[in-house]
Chemist: 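My structure is below; once you've seen it, I'll send some questions.
Every heavy atom of this structure was used, including side-chain atoms; hydrogens, water molecules and symmetry mates were not. In this text the structure is predicted, and so the values were computed from the model without any measurement. Throughout, protein chains are lettered first and strands after them, A, B, ... in sequence-line order, and every chain is numbered starting at 1.
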Amino acid sequence: MNRHRWLRHHWNLAAGLVILGLLLGSAGLSFLYVPHDPNRTNIADRFAPPSDRYLLGTDQYGRDLLSRMVVGSRTAIRVGVVAVAIGLGIGLLVGGMAAYSGGWIDEILMRIMDAVAAYPPLLLAILFASILGPGDISGMLAIGVATVPVFARLTRASFLALVESEFVQAARAAGAGTARVICRHLLPNGAAVLLVQATTTFANALLAEAALSYLGLGTQPPHPSWGRMLREAQDFLIFSPYPAVFPGLAIAVTVLGLNLLGDGLRDVLDPKTRSSAARRV
Amino acid sequence: MQAYLVRRAITFVITAWLAASIAFATLLVIPGDPARIILGFDASPEAVAALERQLGLDLPPLVRYGQWLSDLARLDLGTSLVYQMPVGQLIRERLPVTLPLTAMALAIAVAIGVPLGLFAATRRGGAADLLAIAFAQAGIATPSFWLGIFLILIFAVRLRWLPAGGFTPWTQDPERTLLSLILPAVALGASRAASLTRIVRSSALEVLSADFVRTARAKGVPEGRVIRRHVLRNALVAVSTVIALEVGQLLAGAIIIESVFALPGLGALVLNAVSNRDFPLVQGIVICLAAGILVLSLITDVLYAYLDPRIRYS
């Protein structure tokens with residue numbers, strides 16, 4: 001397959017990688033350089049439209065929007081990474097244990113997962129915020145916990161399917177212990193599904209964090225976060241739409257990129273859909 | 001069918017009990033002393049002790065759990081600390097805002113998502129299909145509250161067609177009430193419409209390549225009839241399986257949208273409760289919403305089993 005054909009088949013993967021690269025790049029760069037201090041107010045320059053001095057304009061306190069958005073991307077990444085780590089970590093453990101033990105342990109664990117799944121992530125986040133107080137910790141924790149059932153079910157299903165497979169039986173017959181079977185055979189083969197789910201979870205965590213910050217339950221001022229910026233911008237819409245446009249655009253483009261990345265990864269990693277993806281175009 | 005219903009009813013009761021227990025357990029893990037957090041640090045020891053008695057915090061956790069569970073079984077959600085009213089009553093008062101909003105958003109999502117997904121599937125790979133996919137991807141990625149802000153800017157501030165927010169009670173002026181729910185319902189329903197488009201499209205694609213569709217076409221059944229009788233029906237079964245999930249998303253999303261449009265619904269109530277640290281109220285609302293989602297998924301499962309005999313016997 002030459003490069004052009006690869007790109008045509010996997011444009012979503014390429015677009016997703018580019019957007020994720022931009023996000024990580026700008027967050028990384030923000031530690032070295034930002035155009036303006038993201039928290040410095042300058043009343044003379046409030047509601048400035050995009051210009052050479054302020055590339056994306058300024059907000060109601062005259063703070064530079066670009067600088068605030070770039071620093072805000074760190075929050076987005078941190079929340080996404082922590083939420084995925086919690087969901088994947090606990091989900092792997094619970095799903096693996098359920099698949100391996102079977103019987104009533106399996107039944108109990110999966111019923112608990114059903115119960116957790118009854119709570120939409122945002123609802124769980126509100127419950128946590130009422131207990132731990134507002135802040136990005138309760139948001140990350142809640143979104144992480146809310147995604148545990150998804151990862152647990154995926155892990156359980158893929159482990160159950162793999163345990164029966166011939167190569168795992170062969171490894172067992174050759175004397176491989178439980179730990180070796182899990183680490184060498186089950187995890188690498190189940191990783192594809194989990195990786196795809198992780199990208200989707202990252203996107204959902206980002207959306208949920210933005211929503212929480214918008215509601216005032218997430219990242220607290222003066223730290224910039226995309227959701228919080230939108231809440232503040234809403235009150236001043238008539239003066240300047242820019243503070244409401246750009247942070248929302250950042251959320252939408254990032255989530256879009258992550259979802260495209262997830263779709264693209266699924267096409268590449270899952271041989272069953274790979275053939276149909278090739279047929280599609 | 002009967003065996004399936006019994007099995008499903010048992011899992012429903014167990015899941016509902018576990019879900020409620022999760023909400024109870026969160027109250028136990030509040031760091032520090034809940035009564036002191038609620039009253040503030042300069043509260044007198046007598047006031048703290050009185051509140052602890054009111055919350056039942058002076059009893060051992062297991063006794064409290066038993067009491068709380070038996071109250072819950074009688075649909076008693078406790079008393080709000082701030083309003084000093086039964087939580088159940090407070091929730092009922094807010095339902096005339098949140099339920100119509102959710103229902104309208106769901107109607108919008110289904111009205112757009114089902115035809116668009118079906119249309120895209122029948123024109124697979126074409127320009128219309130690509131446009132539908134682009135709409136679906138963009139809609140899923142767009143935060144509802146961001147969309148809401150711009151709907152306000154365009155339709156309320158600039159064009160002045162619809163109210164920017166607020167809510168007139170149904171009893172006063174139903175027409176105005178309906179108008180004030182249109183923008184919020186659109187903002188809330190748009191991303192669900194996008195997600196339904198995707199689901200309907202992929203399930204319709206699956207059905208379109210099924211043998212019975214080929215047979216129907218080979219028999220000379222007109223294409224429109226094939227789509228209506230075979231593809232749409234099967235695609236709707238797929239929709240019915242995700243509807244509980246979608247309503248769950250809508251109910252949670254309503255909390256944000258009510259905040260954007262200043263609607264006095266359940267969302268406003270729960271946010272108020274969070275900032276007032278009114279734990280029984282937060283807990284009650286959260287349990288109510290989770291229970292609603294569980295009941296809906298029970299209903300859809302039973303419907304699904306009724307529609308599709310394969311489910312009953314597995």
Chemist: Specify the closest pair of heavy atoms between B:A136 and B:R198, including all atoms of both residues, with the distance to one decimal.
Modeler: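 That would be CB-CG, 3.9 Å.
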Chemist: For B:I293, is it the side chain, the backbone, both, or neither that has a heavy atom closer than 4.5 Å to a heavy atom of chain A?
Modeler: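 B:I293 touches chain A through side-chain heavy atoms alone.
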Chemist: Closer than 3.5 angstrom, by distance alone: can the side chain of B:T98 be matched with the main-chain N or O of B:L95 as a donor-acceptor pair?
Modeler: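 Not at all, since once roles are kept as given, no pair shorter than 3.5 Å links the two residues.
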Chemist: Name the member of B:I152, B:V260, B:I140, B:T11 that forms the most heavy-atom pairs with chain A at distances under 4.5 Å.
Modeler: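 Most heavy-atom pairs within the cutoff with chain A belong to B:V260.
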Chemist: Checking A:L258 against chain B: side chain, backbone, both or neither under 4.5 Å from a heavy atom?
Modeler: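 For A:L258, there is no contact with chain B at all, as no heavy atom is under 4.5 Å.
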Chemist: With a 4.5 angstrom heavy-atom cut-off, could you sort out which part of B:I256 is near chain A: side chain, backbone, both or neither?
Modeler: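 Both parts, backbone and side chain.
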Chemist: Given a strict heavy-atom distance threshold of 4.5 Å, which part of A:V245 is in contact with chain B: side chain, backbone, both, or neither?
Modeler: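 Both backbone and side chain of A:V245 come within 4.5 Å of chain B.
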Chemist: Can you tell me which of B:L289, B:V282, B:V286 forms the most heavy-atom pairs within a distance under 4.5 Å of chain A?
Modeler: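 Between B:L289, B:V282, B:V286, the count favours B:V286.
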Chemist: Output, in order, the C-alpha distance, side-chain angles, deciding distance and verdict of side-chain hydrogen bond (donor to acceptor under 3.5 Å, both in side chains) for B:Q137 and A:N12.
Modeler: CA-CA 11 Å; B:Q137 287 281 12; A:N12 43 12; over 6 Å; no
Chemist: Run A:E209 and A:S213 through side-chain hydrogen bond (donor to acceptor under 3.5 Å, both in side chains) and show every step you take.
Modeler: CA-CA 6 Å; A:E209 198 280 329; A:S213 294; 2.6 Å; yes
Chemist: Does atom CD1 (A:I137) have a neighbourhood of more than 12 heavy atoms from anything else shown, all under 6.0 Å?
Modeler: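 Check fails, neighbour count at 12 or below.
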Chemist: I'd like to verify something: which residue of A:L124, A:L127, A:D114 has the highest number of heavy-atom pairs under 4.5 Å with chain B?
Modeler: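 Among A:L124, A:L127, A:D114, the one with the most close pairs to chain B is A:L127.
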Chemist: Please flag which part of A:L122 lies under 4.5 Å from any non-hydrogen atom of chain B: side chain, backbone, both or neither.
Modeler: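 The side chain, not the backbone.
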Chemist: Compare every heavy atom of B:A23 with every heavy atom of B:T26, then report the nearest pair and how far apart it is.
Modeler: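 Smallest interatomic distance, heavy atoms only, reads OG1-O, 2.5 Å.
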Chemist: Locate the shortest heavy-atom distance separating B:F261 from B:A187; write the atom from each residue and the value.
Modeler: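 Answer, listing the atom of B:F261 first, then B:A187: CE1-CB, 4.2 Å.
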Chemist: Less than 4.5 Å to any heavy atom of chain A: does that hold for the side chain of B:L271, its backbone, both, or neither?
Modeler: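 Side chain only.
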Chemist: Measure B:L245 against the heavy atoms of chain A and call it side chain, backbone, both or neither at under 4.5 Å.
Modeler: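 When you check distances to chain A, no heavy atom of B:L245 falls under 4.5 Å.
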